[in-house]
There are 2 protein chains.
Amino acid sequence: MIGAMAGEFAFIERLRARLPDPPAGVVGIGDDCAVLADGRLFAVDSLVAGTHFDLRWCTPADAGWKAVAVNVSDIAAMGGRPEAAVVAVTLPPGEPGLADAVGDGLVEAATELGVALVGGDTTSGPVLSITVAVLGRVPDGRAPVLRRGASVGDTVFVTGPLGLATQALDDLAAGRTPSPPAAARLHRPWPRVADGEAAAAGGATAMIDVSDGLSADIGHLCDASGVAVGIEQAAVPRPDGLSIERALTGGDDYELCFTAPDRARVDASFAAAELPAPHAVGAIIGGDRRLLLLTPDSFTDLPTGGWEHDIG
Amino acid sequence: MIGAMAGEFAFIERLRARLPDPPAGVVGIGDDCAVLADGRLFAVDSLVAGTHFDLRWCTPADAGWKAVAVNVSDIAAMGGRPEAAVVAVTLPPGEPGLADAVGDGLVEAATELGVALVGGDTTSGPVLSITVAVLGRVPDGRAPVLRRGASVGDTVFVTGPLGLATQALDDLAAGRTPSPPAAARLHRPWPRVADGEAAAAGGATAMIDVSDGLSADIGHLCDASGVAVGIEQAAVPRPDGLSIERALTGGDDYELCFTAPDRARVDASFAAAELPAPHAVGAIIGGDRRLLLLTPDSFTDLPTGGWEHDIG
């Protein structure tokens, strides 16, 4: 779902191995969302102060917003729309006003992103932590777009610039003030629900949201699909002044990355939804899982491991 | 949902006041679970080390079990059965083996309590924290049993002894070894799903699970229903050696408390499900919200505020 660092994938994989296989049509642990027997999507993500956000740099309302937004992004990454959410907030004692400030962001996100906030639980603990679970559905009778459907020859798309949130983080860490668009991307990400629907309607074969950085996230997609990918360096949309490495490895963008065989159909679907066309950044290729970064006269074999929580 | 301490209810109430009213048939914030438009039940609860469990006294697997069980208990408290769950685990760095030990308890609970664990997220943070969200459904086309349906004259039932978990906690705090049933109740609570179904089928008008202590939890039920309650001290099932005050105020039992107008019908429903009959402990009475503890020759007016998280 989000924020995976070293050891997490191994833990999740071991958990999955010990559970019974889900029934046909049900997608269990291992994609952006679970898919239930009735087609509903179900996602969960936690944001923890000091790990996923820093209250020196953002407001508690930003953290509340982001906790809803990153879960809605998981729904968007299946081509779905969010319906209902529940939230569990852990609050450090002795900080009057913190709960309501987080609540501001939760309510704003629920209202603006169109998800009904139907339940809540608060507990006390050492640091602010916000966990949201969201239910959603793929509209128009379409199937959810999983990570595992990419085929050799598919074009790889991203829905917007990569690295803006990282640029903001780099600026904050260096004591500079980030640009307003970069700060907005970091603190108030806007999940690409409309883009996810347009991608699904345009024939997307696999999709993931870019939460951990494109190289890590497309690595998961390639892993699930049993394919490799070539990314054209010049085609990756990124902010001025940011290196290609930071653009590919920086997380927190919450754009979508998807694959589709018919570029014209994708563009038509986005145009019909009055959305800017997505950026074609590369192609799915055969072979073992790896990511080739292509320039006009060379290529680089990139690691796809990305940013994993070290949980031992 | 669980573990409410001072300030939490005010926060949740303010959150609810700022959200749009849910559509007809939908139950939002304020009951054991949310009820969605299609009748599905949706609950979330977090367990935080140092707040809800203590790893000096229980295993990480116990904590994993309990995080699933307390959520299933919320589903049971509406008369429902659990279907699917997602889990978000926050793990302190540098504790190899902790993740898998928690996973042991998650898998055991999912398997034994009949809920499909379909999604997971792990993050790093200062203390172990486990948040589970569960979806469920009320079987046989029945409506969910809310907190707000109790009427004057209804009998009040509890499904089992109260105070066992508290007795175990008291023993542990005093350096004594708790009795095996008390320790099991504290560390491996068994949610009363079958009892909740039998109560609903037996005409229950209101129901809540006993997570914060009967006096607090029946206070919520009375508050929601606009009634008061008289509890007969001698009728409250409690372990030997535990005071009535500890039995009424100690949390973590996860028995169910429900109200119903027809005692014979309740008993018949439990008998049909091959369950022990629930304990009739009192009656719903009119008047402002309050709890009267009745003895043969006197009564005591008890506070119902119970155990709230102090979140300022």
Side-chain angles (χ1 to χ4, degrees), chain A residues 1-5 7-8 11-12 14-15 18-19 22 26-29 33-34 36 42-46 48 50-52 83-84 86-88 90-91 93-100 103 106-107 110-111 116-127 129 131 133 135 309-312, chain B residues 1-5 7-8 11-12 14-15 18-20 22 26-29 33-34 36 42-46 48 50-52 83-84 86-88 90-91 93-100 103 106-107 110 116-127 129 131 133 135 309-312:
Chain A
M1 304 188 167
I2 72 158
M5 309 189 236
E8 167 171 355
F11 166 66
I12 295 284
R14 286 196 298 274
L15 204 57
R18 293 162 60 196
L19 291 164
V26 173
V27 176
I29 288 175
C33 301
L36 305 180
F42 195 10
V44 67
D45 267 326
S46 289
V48 181
T51 301
H52 300 97
E83 295 184 327
V86 292
V87 58
T90 300
L91 294 151
E95 299 202 28
L98 181 60
D100 285 332
L106 294 169
V107 170
T111 307
L117 188 57
V118 296
D121 174 52
T122 65
T123 64
S124 62
V127 297
S129 170
T131 301
L135 275 176
H309 293 267
D310 182 4
I311 58 171
Chain B
M1 304 187 173
I2 71 157
M5 311 185 236
E8 169 172 354
F11 166 66
I12 295 284
R14 286 196 297 275
L15 204 57
R18 294 162 60 196
L19 290 164
V26 173
V27 175
I29 288 174
C33 301
L36 305 179
F42 195 12
V44 66
D45 268 327
S46 288
V48 181
T51 301
H52 300 98
E83 295 184 326
V86 291
V87 58
T90 299
L91 294 152
E95 299 201 28
L98 181 60
D100 285 331
L106 293 170
V107 170
L117 188 56
V118 294
D121 174 53
T122 64
T123 64
S124 62
V127 297
S129 170
T131 300
L135 275 176
H309 294 266
D310 183 3
I311 57 169

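First the proteins, then the strands, lettered A, B, ... as listed; each starts at 1. Both backbone and side-chain heavy atoms feed into the values below; hydrogens, waters and symmetry mates do not.
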Next item on the list: Quick one: which of A/Leu15, A/Val127, A/Asp100, A/Val87 has the most heavy-atom pairs under 4.5 Å with chain B, could you say?
Entry: A/Asp100
Margin query: Heavy-atom pairs under 4.5 Å with chain B: which of A/Thr111, A/Leu117, A/Leu106, A/Thr90 has the most?
Written below: A/Leu117
Next item on the list: Provide the closest heavy-atom pair for B/Val48 versus A/Pro126 in the form atom of the first, atom of the second, distance.
Entry: CG1-CD, 4.2 Å
Next item on the list: For chain A, find which of B/Ala133, B/Ala110, B/Ala116 contributes the most heavy-atom pairs closer than 4.5 angstrom.
Entry: B/Ala133
Next item on the list: Please state whether the side chain, the backbone, both or neither of A/Leu36 comes within less than 4.5 Å of a heavy atom of chain B.
Entry: side chain
Notebook entry, point to check: Does some side-chain heavy atom of B/Val44 sit less than 4.5 Å from a side-chain heavy atom of A/Thr131?
Noted result: no
Notebook entry, point to check: Between B/Asp45 (side chain) and A/Asp121 (backbone), is there a donor-acceptor pair under 3.5 Å?
Noted result: no
